[in-house]
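This report concerns only the one structure given below.
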Amino acid sequence: MRLMKYFKKIACVLLTVVTVLTGCSIGGREIVMDINSSSGHTLLVIDKKKCNITEAKLYLANYKNLYGDVYGVNLYKTKDASKVEKYVKDVTVDELARVYCMVAIAGEKNIALTDKEKKAVSDAAKEYYKSLSDAERDFIGASQADVEEAYDNYAIAKKLYNSLAKGVDTEVSDDDARVMHIQKIFVKDAEKAETVKEKLASGDDFATVAGTTNEDNQTDVYVDKSMLPDEVEAVAFELNDGQISDMIKTDDGYYFIKCISKLDEEKTDKNKEIILQQREQEQFNDDYNRFVKNADFELNSQLWDSIDIKNENDLKTNSFFTIYNKYFEADDKQ
């Protein structure tokens, strides 16, 4: 199960983090921020299940480093440091809320860890806690037992996902996942389309014609069946290598397609994985969204707002999830 892939899309998010910021929400529902500040160390409550500030700081310290550096640029040392901090804190609450929702659902379904899984949790916690510096332990305020509890919650969440995703059809055909290598020309004007048609019919090189007429950003692309208008898909995926389509009319304009390779095997195999993940997520979403719709969410915003990470230069830890995967990778592949 690929929980982190389901929860995170780090690479693309980081490129826009300083301009696109999100609030805390789950399943489209905003988290109600009304826990009384006298609630001590409780940060988040989901249907009476409490997440303490220690576990939140553990996630936050890791996300600070996972999200705070792009291609070697420390975003906390830019003019947008405060925006980056807000984003990372929002992501932390969002991730924790997802995990705690899943733990709650697992409890309803009597899903628990086996002795073998508990041993893996314990071993992962021991290794991760040992990796922390004194400054990181001081900031997080966590004991090894606290780290173990965080891993325990994460492992249960992943086990729930696996359980709910069972029954998904794992067979994805080459045709369903097929990725083609094509060149394309798109023009909006009918008269211009006729000019393109005449040039191609006279034997002009497709790429050369595209260079002077294409109104799309790209000519040479790899596409699957989800990436083209229906009218274009129906024609393009019937072409053989080297073939050029006739003019294809759509509501937006006119397309011409040249098939460079009707099947890119490597990209098709990767697309099969993506399609399978989508099927698993859809299967999982039924129970998850049902729970979220009826659950109560509360956040101790005063406590959360009091935490500042942008100036915590001694926080270097980023291995919480990779250490987990080290101990659970074999089980996830089963």
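In this structure, the side chains of K258 and Q243 stay at 4.5 Å or more apart for every pair of heavy atoms. Between Y87 and K83, every side-chain heavy-atom pair lies at or beyond the 4.5 Å cut-off. Put simply, the side chain of T208 does not reach to within 4.5 Å of the side chain of D204, judged on heavy atoms. Side-chain contact between F321 and Y59: present, with at least one pair of heavy atoms (C-beta onward) separated by less than 4.5 Å.
Considering K184, K197, Q183 as possible partners of F256, the one that fulfils the side-chain contact (heavy atoms from CB on, under 4.5 Å) test is K197. Screening D175, D174, D224 for a salt bridge (Lys or Arg N to Asp or Glu O under 4.0 Å) with K272, the sole residue that qualifies is D174.
When ring centroids are compared, Y151 and Y327 stay outside the 6.0 Å threshold.
Atom CD of E233 is separated from atom OG of S226 by 8.5 Å, given to the nearest 0.5 angstrom. To the nearest 0.5 Å, atom CG of residue L96 and atom CG of residue N153 are 9.0 Å apart. Within the model, atoms CD of E298 and CG of L43 stand 11.5 Å from one another, a figure rounded to the nearest 0.5 Å. We find the CG-CG distance between D134 and D314 to be 10.5 Å, quoted to the nearest 0.5 Å. Note: Y63 OH to L315 CG = 15.5 Å, rounded to the nearest 0.5 Å. E198 contributes atom CD, which lies 10.0 Å from atom CE of M247 (distance to the nearest 0.5 angstrom).
Ring orientation note: the planes of Y324 and F328 are close to parallel, at an angle under 30° on the 30°/60° scale.
Side chain to side chain, D146 and S143 meet the donor-acceptor criterion of an N or O pair below 3.5 Å. Checked by atom type, the side-chain pair T268/N271 shows no donor-acceptor distance below 3.5 Å.
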Is there a side-chain contact (heavy atoms from CB on, under 4.5 Å) between N300 and W304? Walk through the geometry before answering.
CA-CA 6 Å; N300 187 337; W304 195 227; over 6 Å; no

Passes side-chain hydrogen bond (donor to acceptor under 3.5 Å, both in side chains), N214 versus T219? Steps please.
CA-CA 7 Å; N214 192 14; T219 296; 3.0 Å; yes

What do the steps show when you test E231 against K249 for side-chain contact (heavy atoms from CB on, under 4.5 Å), and what is the final call?
CA-CA 8 Å; E231 304 94 329; K249 183 178 179 180; over 6 Å; no

Go through L58 and V147 one step at a time and tell me if the side-chain contact (heavy atoms from CB on, under 4.5 Å) criterion holds.
CA-CA 8 Å; L58 190 159; V147 175; 3.8 Å; yes

Check step by step if side-chain hydrogen bond (donor to acceptor under 3.5 Å, both in side chains) holds for D176 and S173.
CA-CA 5 Å; D176 288 339; S173 69; 3.2 Å; yes

side-chain contact (heavy atoms from CB on, under 4.5 Å), that's the test. Do S133 and K316 meet it? Break it down for me.
CA-CA 9 Å; S133 67; K316 307 296 184 184; over 6 Å; no

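Contact record, C101 with V292: SG-CG2, 4.2 Å, taken as the closest heavy-atom pair. For D308 against F139, the heavy-atom pair with the smallest separation is O-CE1, 4.4 Å. Taking every heavy atom of both residues into account, Y161 and Q277 meet most closely at OH-O, 4.2 Å. Between I111 and L160 the shortest heavy-atom distance is CD1-CD1, 3.7 Å. The two residues V121 and D152 make their nearest non-hydrogen contact at CG1-N, 3.8 Å. Across T92 and A56, no two heavy atoms sit closer than the pair CG2-O, 3.7 Å.
In this structure, S319 contributes its side chain and T322 its backbone to no donor-acceptor pair below 3.5 Å. Not a single donor-acceptor pair under 3.5 Å links the side chain of R178 to the backbone N or O of E265. Of the possible donor and acceptor atoms, one in the side chain of N65 sits under 3.5 Å from a partner among the backbone N and O of T317. Distance alone, capped at 3.5 Å, places no donor-acceptor pair between the D90 side chain and the D94 backbone. At distances below 3.5 Å, at least one donor-acceptor pair connects side-chain atoms of K89 with backbone N or O atoms of I307. In terms of modelled atom types and a separation under 3.5 Å, the side chain of S122 and the main chain of K118 share no donor-acceptor contact. The backbone N or O of E191 sits less than 3.5 Å from a side-chain atom of T195, completing a donor-acceptor pair.
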Using residues 45-53 as the side-chain source, report each donor-acceptor pair under 3.5 Å to any protein atom, sequence neighbours left out, with the distance given to one decimal.
{"from": "D47", "atom 1": "OD1", "to": "D296", "atom 2": "N", "distance (Å)": "2.8"}
{"from": "N52", "atom 1": "OD1", "to": "T54", "atom 2": "N", "distance (Å)": "3.0"}
{"from": "N52", "atom 1": "OD1", "to": "E55", "atom 2": "N", "distance (Å)": "2.9"}

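The cationic atom of K188 (NZ for Lys, CZ for Arg) does not lie both less than 6.0 Å from the six-membered ring centre of Y254 and within 45° of the ring axis. Taking the centre and axis of the six-membered ring of Y222, the NZ or CZ atom of K267 falls inside the cone set by 45° and 6.0 Å.
Grouped by direct or indirect side-chain proximity (heavy atoms under 4.5 Å, Ile/Leu/Val/Met/Phe/Trp/Tyr only), M227 sits with M180, I182, F186, V221, V223, L228, V232, V235, F237, L239, I248, Y255, I257.
The local environment of CD in E108 is crowded, with over 12 non-hydrogen atoms from other residues, nucleotides or ligands closer than 6.0 Å. By the neighbour-count criterion of 12 heavy atoms within 6.0 Å, atom CG of D286 is densely surrounded, having more than that number from other residues, nucleotides or ligands. Other residues, nucleotides and ligands contribute only 12 or fewer heavy atoms inside 6.0 Å of the CG atom of D246.
Note on E85 versus K64: no salt bridge recorded, every NZ/NE/NH1/NH2 to OD/OE distance being 4.0 Å or above. Comment: D123 engages K119 in a salt bridge, judged by a side-chain N to carboxylate O separation of less than 4.0 angstrom. Of the charged side-chain nitrogens involved, at least one lies within less than 4.0 Å of a carboxylate oxygen, so that E215 and K192 count as a salt-bridged pair.
Legend: residues meeting side chain to side chain donor-acceptor pair (under 3.5 Å) with K262, ordered by chain and number and at least two apart, are N240.
At a threshold of 4.5 Å between side-chain heavy atoms, the hydrophobic network of Ile, Leu, Val, Met, Phe, Trp and Tyr places I260 and L263 in two separate groups. One hydrophobic cluster holds both V196 and I244 under the rule that ILVMFWY side chains link at heavy-atom gaps under 4.5 Å.
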